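Have a look at the structure below, then the notes.
Numbers here simply count residues along the sequence, with the first being 1. No experiment lies behind these values; they were computed from the predicted model shown.
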Amino acid sequence: MPFLATTPLDRTAGPYARRWWALVVLCLSLLIVVMANTSLIVAAPDMTTDLGLTSSDLQWVIDGYTVPYAALMLVLGAIGDKYSRRGALVTGLLVFAGGSVMGSLVDETGLVITARAIMGVGAAVVMPATLSLLVAMFPRRERARAITAWTATSGLAIAVGPLVAGWLLEDHAWGSTFLINVPIALLAVVGAFTLVPPSKAEGMGRIDYVGGLLSIVSVGSLVYATIEGPHFGWGAGPVTAAVVAGVGLVAFVAWELRHPHPMLDVRKFALRPFSGSMLAVLFFFFGTFGAIYYSTQFLQFVLGYDALETGLRLLPLAGAVFLGAAVTGKLTPRLGMKPMVVAGMLIGTAGVFLLTRIETGSTYADFLASMMMLGFAIGLSVSPATDTIMGTFPENELGVGGGANDTALELGGSLGIAVLGSLLGTAYRDKLTGLIGGHLPAVALDTAKDSVGGGLAVAGQVAKDPAGGARQAQALVEAVHESFAHGVAQTSLIGGIIMAVGTLVVLAVLPGRRGAAEATSQPVEPTAEELADAR
């Protein structure tokens with residue numbers, strides 16, 4: 001067998017022999033794309049101190065990655081289908097690695113945000129390419145298992161990102177959390193050339209670039225408005241972005257309905273398995289990413305764990321993901337997709353509701369059950385939903401299918417962090433104002449209300465001030481902790497309600513096993529390897 005994978009997938013006799021090794025390459029690529037966000041959670045305090053970041057700066061350091069990532073996946077997935085899925089994977093990995101190197105070297109806020117945006121562009125190429133290559137390589141009888149492994153990698157990255165970042169931050173500056181992506185990306189590039197076969201869509205035709213541009217404008221504007229509005233107020237910028245997103249969405253749908261070869265056939269949303277699965281992914285990651293985001297802050301700022309200790313305490317979440325993946329691999333073929341997706345959403349919703357019990361005296365043990373339930377739910381429900389989404393796309397639209405699935409995932413996560421983060425900030429500020437209002441100068445009070453980190457920083461200043469002292473500083477620390485715990489509990493209540501409503505919607509939209517079979521029974525051209533395998 002040759003060292004380099006040079007035979008195109010459509011010329012392979014039977015299923016591709018090294019497909020499971022190729023899956024390792026795809027999972028490695030996915031790992032660093034997801035880790036790029038989760039590792040930043042524990043690096044944020046060091047970055048804030050070193051760069052002097054404001055709350056707005058930190059938000060855009062995080063979300064400078066998210067906007068291009070979410071907005072570009074659909075278009076870049078189609079380009080990968082048209083020209084080369086493996087070429088898209090390699091290109092995306094190199095762009096991602098370049099942005100990571102830049103992020104590790106710069107020391108200005110604007111340049112860090114730029115580096116994160118470059119990484120987001122690379123991720124937008126990588127993410128749909130991993131799914132389209134996976135579906136193209138694996139015959140239908142093995143595809144669910146491969147997608148389960150892909151999903152489990154996402155869950156693993158949620159826990160491994162903070163762990164690796166925490167380990168690096170023990171002895172290195174925050175720039176090292178960017179640099180860890182580079183050797184993994186280069187290893188994946190080598191693996192892509194040696195293990196992943198060339199693949200592209202046959203007879204795809206001309207790309208619908210107008211539809212692609214409308215999708216970029218719509219999704220990009222929506223993500224911008226979602227990030228900026230809840231956190232910093234609905235001024236002219238976020239309102240304009242929301243209007244542009246709405247108008248762009250209407251224009252996108254109208255254009256796609258009339259185009260003979262649309263970027264995304266919006267008629268697919270009339271198929272209940274597809275629309276229900278898309279909603280499930282969106283709602284699920286809304287609650288999960290939001291809960292992990294503020295739970296990690298509680299572990300760091302209230303319980304006082306450093307970055308490495310925080311990462312270690314997220315490991316049970318990864319273990320629970322693999323347990324859920326094992327269960328869904330055995331039960332989905334027997335019970336069908338709908339019971340697994342709905343059961344996962346119910347367990348995830350219960351996990352978020354558990355966080356309503358958080359109070360000042362809460363410990364890590366109070367978060368453990370919730371984290372494990374969220375991890376188990378990821379493993380249980382996401383892979384059947386993703387498998388269903390990808391199953392509605394023919395071979396020449398697999399990149400678009402991957403882009404659609406990943407856009408729902410990223411949009412849900414962005415909404416969760418932005419909306420629930422905003423609710424948390426409001427509850428924290430209101431409670432803290434009630435506890436210490438009038439006891440601090442206006443400037444110090446504004447800083448303390450900005451974030452839990454700001455509140456603890458003000459307490460440190462009070463301790464050094466002769467007019468304050470240790471007792472007043474300790475009283476302020478206790479007020480900050482109480483306010484943040486109150487915010488976590490209140491936010492979890494609202495987040496749990498939103499997830500519960502989403503679960504009911506998904507339950508209503510997803511058809512049963514027979515309905516799903518009828519809805520997806522439209523003819524789809526078999527791939528060359530499946531035809532060969534059938535013989």
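For the pair Glu142 and Arg19, the salt-bridge criterion is met [side-chain N within less than 4.0 Å of a carboxylate O].
Between Thr148 and Ser383 the shortest heavy-atom distance is OG1-OG, 3.4 Å. The two residues Met337 and Leu510 make their nearest non-hydrogen contact at CE-CD2, 3.7 Å. When all heavy atoms of Val182 and Ala97 are compared, the closest pair comes out as CG2-O, 3.9 Å. Here the closest heavy-atom approach between residue Gly495 and residue Leu420 is recorded as CA-CD2, 3.8 Å. Minimum heavy-atom separation, Ser221 to Val244: OG-CG1, 3.4 Å. Nearest heavy-atom pair, Arg85 versus Leu398, reported as atom, atom and distance to 0.1 Å: NH2-CB, 3.9 Å.
The backbone N or O of Gly248 sits less than 3.5 Å from a side-chain atom of Ser218, completing a donor-acceptor pair. Asn181 contributes no side-chain N or O that, together with a main-chain N or O of Ser100, makes up a donor-acceptor pair within less than 3.5 Å. Between the Glu256 side chain and the Leu264 main chain, a donor and an acceptor come within less than 3.5 Å of each other. Side-chain N or O atoms of Thr328 include none that pairs as donor or acceptor with a backbone N or O of Gly324 at under 3.5 Å. When atom types are taken as modelled, the side chain of Thr332 and the backbone of Gly329 share no donor-acceptor pair closer than 3.5 angstrom. Judged by distance alone, the side chain of Arg116 and the main-chain N or O of Val61 form a donor-acceptor pair under 3.5 Å. Between the side chain of Lys82 and the backbone N or O of Ile207, no donor-acceptor pair lies under 3.5 Å. Under a 3.5 Å cut-off, the side chain of Arg143 and the backbone N or O of Phe138 do form a donor-acceptor pair. Side chain of Ser84 to main chain of Gly80: no donor-acceptor pair is present (N/O by atom type, distance under 3.5 Å, no hydrogens or angles). For the pair Arg86 (side chain) and Val196 (backbone), a donor-acceptor distance under 3.5 Å is present.
Note that OG of Ser199 is 11.5 Å distant from CG of Leu89, once rounded to the nearest 0.5 Å. Taking CZ of Phe96 as the start and OG1 of Thr91 as the end, the distance is 15.0 Å to the nearest 0.5 Å. Going from atom NZ of Lys268 over to atom CZ of Phe393 covers 5.0 Å, rounded to the nearest 0.5 Å. Note: Leu26 CG to Leu195 CG = 9.5 Å, rounded to the nearest 0.5 Å.
Side-chain contact between Tyr69 and Val33 is present, with heavy atoms from C-beta onward closer than 4.5 Å. For the pair Val95/Val126, no side-chain contact is recorded, criterion being any heavy-atom separation below 4.5 Å from C-beta on. Using a 4.5 Å cut-off on side-chain heavy atoms (C-beta onward), Phe286 and Leu411 make no contact. Considering only heavy atoms from C-beta on, Glu108 stays 4.5 Å or farther from Val112 through its side chain. By the 4.5 Å heavy-atom criterion applied to side chains, Leu93 and Ser29 are counted as neighbours. Side-chain contact between Phe283 and Met345 is present, with heavy atoms from C-beta onward closer than 4.5 Å.
At most 12 heavy atoms of other shown residues, nucleotides or ligands fall within 6.0 angstrom of atom NE2 in His261. Within 6.0 Å of CH2 on Trp20 lie more than 12 heavy atoms contributed by other residues, nucleotides or ligands.
For Trp21 and Tyr16, the ring centers sit 6.0 Å or farther from each other.
Between the side chains of Trp150 and Thr130, at least one donor-acceptor pair of N or O atoms lies under 3.5 Å.
The aromatic rings of Phe289 and Phe285 lie perpendicular to each other, with more than 60° between the two planes, well past the 30° mark.
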